[in-house]
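In each ligand, atom 1 is the first atom listed, and ligand 1 is the first ligand listed.
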Amino acid sequence: MNITVIGAGYVGLVTGACFAELGNHVTCVDVNEHKIANLKKGILPIYEPGLEPMVISNMNEGRLRFVTSLTEIEGDPQVIFIAVGTPSDKDGSADIKYVLEAARNIGGYINDYCVVVDKSTVPVGMADEVQVVIQNELKKRGLSIKFDVVSNPEFLREGAAIEDFMRPDRIIIGLESNNAKSIMLDLYLPILRSPERIYFMNVKDAEMTKYAANAMLATRISFMNEISMLCERMGVDIENVRIGIGSDSRIGSAFLNPGCGYGGSCFPKDVRALVKMAERNAVEPMILNAVERRNLEQKQVLPDKVTQVFGEDLAGVTLGVWGLSFKPGTDDMREASSLVLIEDAIRRGARVQAYDPAAMPVAREIMPEEWFDSGKLKLTDHQYDALKDADALVLVTEWKPFCYPDIAAMKNMMRQHVIFDGRNQYDPKHIRAAGFEYYGIGRGSVPERSVIRRKEAVDAA
Ligand SMILES: NC(=O)c1ccc[n+]([C@@H]2O[C@H](COP(=O)([O-])OP(=O)(O)OC[C@H]3O[C@@H](n4cnc5c(N)ncnc54)[C@H](O)[C@@H]3O)[C@@H](O)[C@H]2O)c1
């Protein structure tokens, strides 16, 4: 099939590369000229396991091309995916301007029947708007070309995007036309092989399914974070509770991990957008508001624990931070908990030494230059370099190399032996037995308030 993908970000690039890998001819269009120039040279704008070799081999086979404008596309595409960003607008609703711009471009370009597929996460009713915008552009050109607009929300997880795309649990497709249905089946059957896991529904149902799915997953995380706060104060270990409830088949174990808050490009913005949709439709979003509020509070949990141990004034304190991306397996730092922690620590006078296996180039770009110039923030070449003369390790992202740390080496290189475990990766007994103070999330104890004593001890040393 001849496929066009508009937007070459996390979703567009994975979609384009995977469909090319399946033998289709794919052109990815992105307005970011720098991104496209690099992609043409085989340089990817993002870190995603397995994506780079897939992009390069499909480019070499002539199945995958990158361009900056629809006018550069060869031949008429049968399917055009819209995979541009839908970030939060100022009021929290989804900013749909990139989707509308993509629709205008499509209307100004197509010459034959095609299926336009909304893969971006868009508010309910967006497909109708896309339909109108394309129709208007065609009218301006004096053309009457048939096309269908389909909703096909994406459920891939960054860090496992190729696996998720090639072996999805299910595929959701919202459409109203039989013609579009047969094209979408042709497109996806090579991936799923059995049509039972392709769920066809109305367009608006599919659009809402995406928001409801993300909001449900975010709700489970916020729920566990709330229970973890209670556990902490009542001498209960949330990790046992997590295993206990996760083994209940009515509940299941996915997305029950408590931590220092969820981030990324999807959960926060999609929960906020759903709140706005509810408000505009006179439904009070009581649960959604609580999910969002709990998450904002949760991002303060690590700064608060640091305060309880080291005090409000962090001058003279060095924090070693492991993990900057919002989750392992990606370099995406959008709404990452590390941003809240680092900003708070530096504002209160701490020095931060941070390491991340993939996100350090992104951190270099988005964090204030002044922090680097003044030595307040240092990105280290190795995970253990972040701990040299550090007063504490703060684990923010549970990358695999952080899971089994060399405790003996850490003991030698750190000035004080304190671990704040923002993802409950470590066994508190094990860590404490090695002579470290351990503070996890909801592990049955709150930090001692031995603040001033501790700092005086450091000053005296
Ligand atoms: N990132 C994820 O894990 C994920 C998962 C599921 C769904 N989604 C949804 O998919 C959509 C895309 O997300 P993303 O993370 O890939 O975004 P992204 O910001 O990584 O990429 C979007 C790309 O679109 C390009 N773009 C913007 N306007 C354009 C236009 N008119 N023509 C061509 N290119 C244009 C931008 O330059 C950018 O490269 C969002 O709606 C998001 O909510 C994302």
Side-chain angles (χ1 to χ4, degrees), residues 4-18 27-39 44-49 51 66-73 80-89 93-109 116-123 126-127 130 133-134 137 151-165 168-169 171-172 206-207 209-211 213-215 217-218 262-274 325-336 362 366:
T4 293
V5 181
I6 304 183
Y10 284 87
V11 169
L13 202 49
V14 170
T15 303
C18 288
T27 308
C28 291
V29 189
D30 201 294
V31 285
N32 185 326
E33 289 178 9
H34 178 67
K35 199 178 259 191
I36 292 297
N38 275 339
L39 279 164
L44 270 60
I46 54 167
Y47 170 80
E48 182 61 45
L51 186 58
F66 295 99
V67 298
T68 52
S69 157
L70 285 170
T71 54
E72 296 173 64
I73 291 171
I80 304 179
F81 283 98
I82 300 178
V84 298
T86 46
S88 281
D89 216 334
S93 59
D95 182 351
I96 52 169
K97 66 171 177 282
Y98 303 110
V99 178
L100 293 177
E101 178 61 21
R104 272 192 291 277
N105 294 342
I106 293 169
Y109 161 76
V116 176
V117 185
D118 263 343
K119 209 166 227 334
S120 298
T121 303
V122 289
M126 191 69 220
V130 166
V133 170
I134 297 176
E137 292 302 314
S151 167
N152 169 217
E154 182 51 60
F155 295 95
L156 62 77
R157 294 162 302 167
E158 288 176 20
I162 290 177
E163 177 69 16
D164 286 350
F165 196 94
D169 290 340
I171 288 164
I172 303 289
E207 290 170 336
T209 299
K210 173 64 190 175
Y211 279 104
N214 273 359
L217 297 174
Y262 60 74
S265 67
C266 292
F267 287 4
K269 84 169 170 66
D270 291 349
V271 170
R272 287 194 293 265
L274 198 51
S325 55
F326 84 93
K327 69 171 182 177
T330 181
D331 60 353
D332 198 340
M333 287 185 65
R334 288 179 278 189
E335 305 210 32
V362 177
I366 64 172

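Neither the backbone nor the side chain of K97 comes within 4.0 Å of ligand 1, counting heavy atoms alone. Residue contacts with ligand 1 for V29 involve N, CA, C or O but no side-chain atom from C-beta outward (heavy atoms, distance under 4.0 Å). If you look at C266 next to ligand 1, the close heavy atoms, those under 4.0 Å, all belong to the side chain. When heavy-atom distances to ligand 1 are checked against a 4.0 Å cut-off, K35 comes that close only through its side chain, counted from C-beta outward.
Within the model, atoms CZ of R157 and CG of L217 stand 10.5 Å from one another, a figure rounded to the nearest 0.5 Å. Taken from OG in S120 to CD in E207, the straight-line distance is 11.0 Å, to the nearest 0.5 Å. In this structure, OG1 on T86 lies 10.0 Å from CD1 on I96, to the nearest 0.5 angstrom. The line from OG of S325 to CG of D332 is 8.5 Å long, rounded to the nearest 0.5 Å. The structure places CG of L100 at 9.0 Å from CD1 of I82, a figure rounded to the nearest 0.5 Å.
Taking both residues in full, the closest heavy atoms of A103 and I134 are given as O-CG1, 3.5 Å, listed atom of the first, atom of the second, then distance. I172 and P153 make their closest contact through O-CD, 3.6 Å (heavy atoms, listed as atom of the first residue, atom of the second, distance).
Here atom 42 (C) of ligand 1 lies nearest to K269 when heavy atoms of K119, K269, E158 are compared. With N32, D164, D30 as candidates, the residue nearest to atom 37 (O) of ligand 1 on a non-hydrogen basis is D30. Atom 11 (C) of ligand 1 has its nearest heavy-atom neighbour, among V84, V122, N214, in V84.
Protein heavy atom at the shortest distance from atom 17 (O) of ligand 1 is R334 NH1, 3.9 Å.
The atoms of ligand 1 that sit less than 4.0 Å from any heavy atom of T86 are 40 (C), 41 (O), 43 (O).
Residue R157 places no heavy atom under 4.0 Å from ligand 1.
Checked by distance only, ligand 1 and T121 come closer than 3.5 Å through their nitrogen or oxygen atoms.
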